[in-house]
Amino acid sequence: MKLPPGSVAKAKTLQRRLRARIVLAHLKEKPKFIAGADAAFDGDFALAAACVFSFPALELLDIKTACVKVKFPYIPGLLAFREGPAVINVVKKLRPKPDVLLIDGQGIAHPERMGIASHVGLLLGIPTIGCAKSRLVGECGEPGKKAGSRVELVYKGETVGAVLRTKDNVRPMFISPGHLVDMEDAVSIVLECARGFRMPEPTRQADLITKKMKREGKQQCAG
DNA sequence: GCGACAG
DNA sequence: ATCTTGTCGC
């Protein structure tokens, strides 16, 4: 996928401008509604899905989907410019509006502290948590084999995330605050959303929906 | 120059 | 992310 000249440099400049507005603070109230969002790809289109659950009961309350044309290729560190538009579009449709949003990707565990979770959280103005299946940046050890064990993810001398075992004996998840939450919130909320699978329920369901959309064809999706 | 590199 | 069969482990 081709990009107009200078797009990559402009994207990086925007990240550095937006990161000044990221706020990491402890949630004042326990969330009542939590959502998860993810996207799959079919040609030049991003098939996005988002779902909201009651929290901490995790009863499914709403599901929304969207099909958005992608204008950016995948470039490590610039995922928000590829998936962000579709995710923002679909999350805006959710009812009730979520108090916290889990996104498949990094929060501040990013070269510019602006992973997709931080980026989307800032643009939507809602608390977000990055839930990635693998590492983008940072150094870390290996957490214990039991669910709940964790080690810090350190980047340039700063703790930017947690390498968290969400299930016994499975590869850990890379959790990092996105926006309007702190590290403790991120880890505790993800653990409360762990329901016997590696991925926390909100993100896991969004991922399943996304793959189903792809199987059944993008022609019938909203957006 | 070489290796790393979310989805 | 996506392309892909059988297969090992809980």
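Every chain is numbered from 1 and lettered A, B, ... according to where its sequence line falls, protein lines coming before strand lines. Heavy-atom basis, side chains included; hydrogens, waters and symmetry copies ignored.
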What is the distance, rounded to the nearest whole Å, between atom CZ of Arg215(A) and atom P of dT4(C)? 16 Å
Ring centres of His119(A) and Phe81(A) under 6.0 Å apart? yes
Without decimals, in angstroms, what is the distance between Lys211(A) NZ and dC3(C) P? 11 Å
Tell me: CG of Asp44(A) to C1' of dA1(C), nearest whole Å? 14 Å
Geometric cation-pi criterion, Arg135(A) with Phe174(A): 6.0 Å, 45°: no
Counting any heavy atom closer than 4.0 Å, what does Ala40(A) reach on the DNA or RNA strands: base, sugar-phosphate only, or nothing? sugar-phosphate
Hey, can you pull the residues of residues 199-209 of chain A with a non-hydrogen atom under 4.0 angstrom from DNA chain B? none
Would you say a side-chain N or O of Lys214(A) is under 4.0 Å from OP1 or OP2 of dA1(C)? no
Check whether Asp99(A) reaches the backbone of Lys32(A) with its side chain - one donor and one acceptor, N or O, closer than 3.5 Å. yes
Could you state the CZ-P distance from Phe45(A) to dT2(C), rounded to the nearest angstrom? 16 Å
With a 4.5 Å limit on heavy-atom distance, are the side chains of Phe33(A) and Lys97(A) in contact? no
One character per nucleotide, please: for nucleotides 2-7 of chain B, 5' to 3', B when the base has a protein heavy atom closer than 4.0 Å, S when only the sugar-phosphate does, - otherwise. --SBBB
Salt bridge Glu142(A)-Arg171(A), side-chain N to carboxylate O under 4.0 Å: no
For DNA chain C, the expected dot-bracket line (Watson-Crick or G-U under 3.5 Å, [ ] crossing, | inter-strand) is ..........
Distance check, rounded to the nearest 0.5 Å: Leu3(A) atom CG versus Lys71(A) atom NZ? 12.0 Å
Within a radius of less than 6.0 Å around CD of Glu158(A), do more than 12 heavy atoms belonging to other residues, nucleotides or ligands occur? yes
Separation of atom CZ in Arg171(A) from atom P in dC10(C), rounded to whole Å: 16 Å
Among Lys12(A), Arg17(A), Arg16(A), which residue satisfies the salt bridge (charged side-chain N to carboxylate O under 4.0 Å, His left out) criterion with Glu112(A)? Arg16(A)
Asp168(A) and Lys146(A): salt bridge (charged side-chain N to carboxylate O under 4.0 Å, His left out), yes or no, with the steps? CA-CA 5 Å; Asp168(A) 292 358; Lys146(A) 279 291 186 180; 3.2 Å; yes
Quick test of your reading of the model: are Asp104(A) and Lys133(A) salt-bridged, counting only N-O distances below 4.0 Å? yes
What is the distance from atom CZ of Phe53(A) to atom CG of Leu61(A), rounded to the nearest 0.5 Å? 8.5 Å
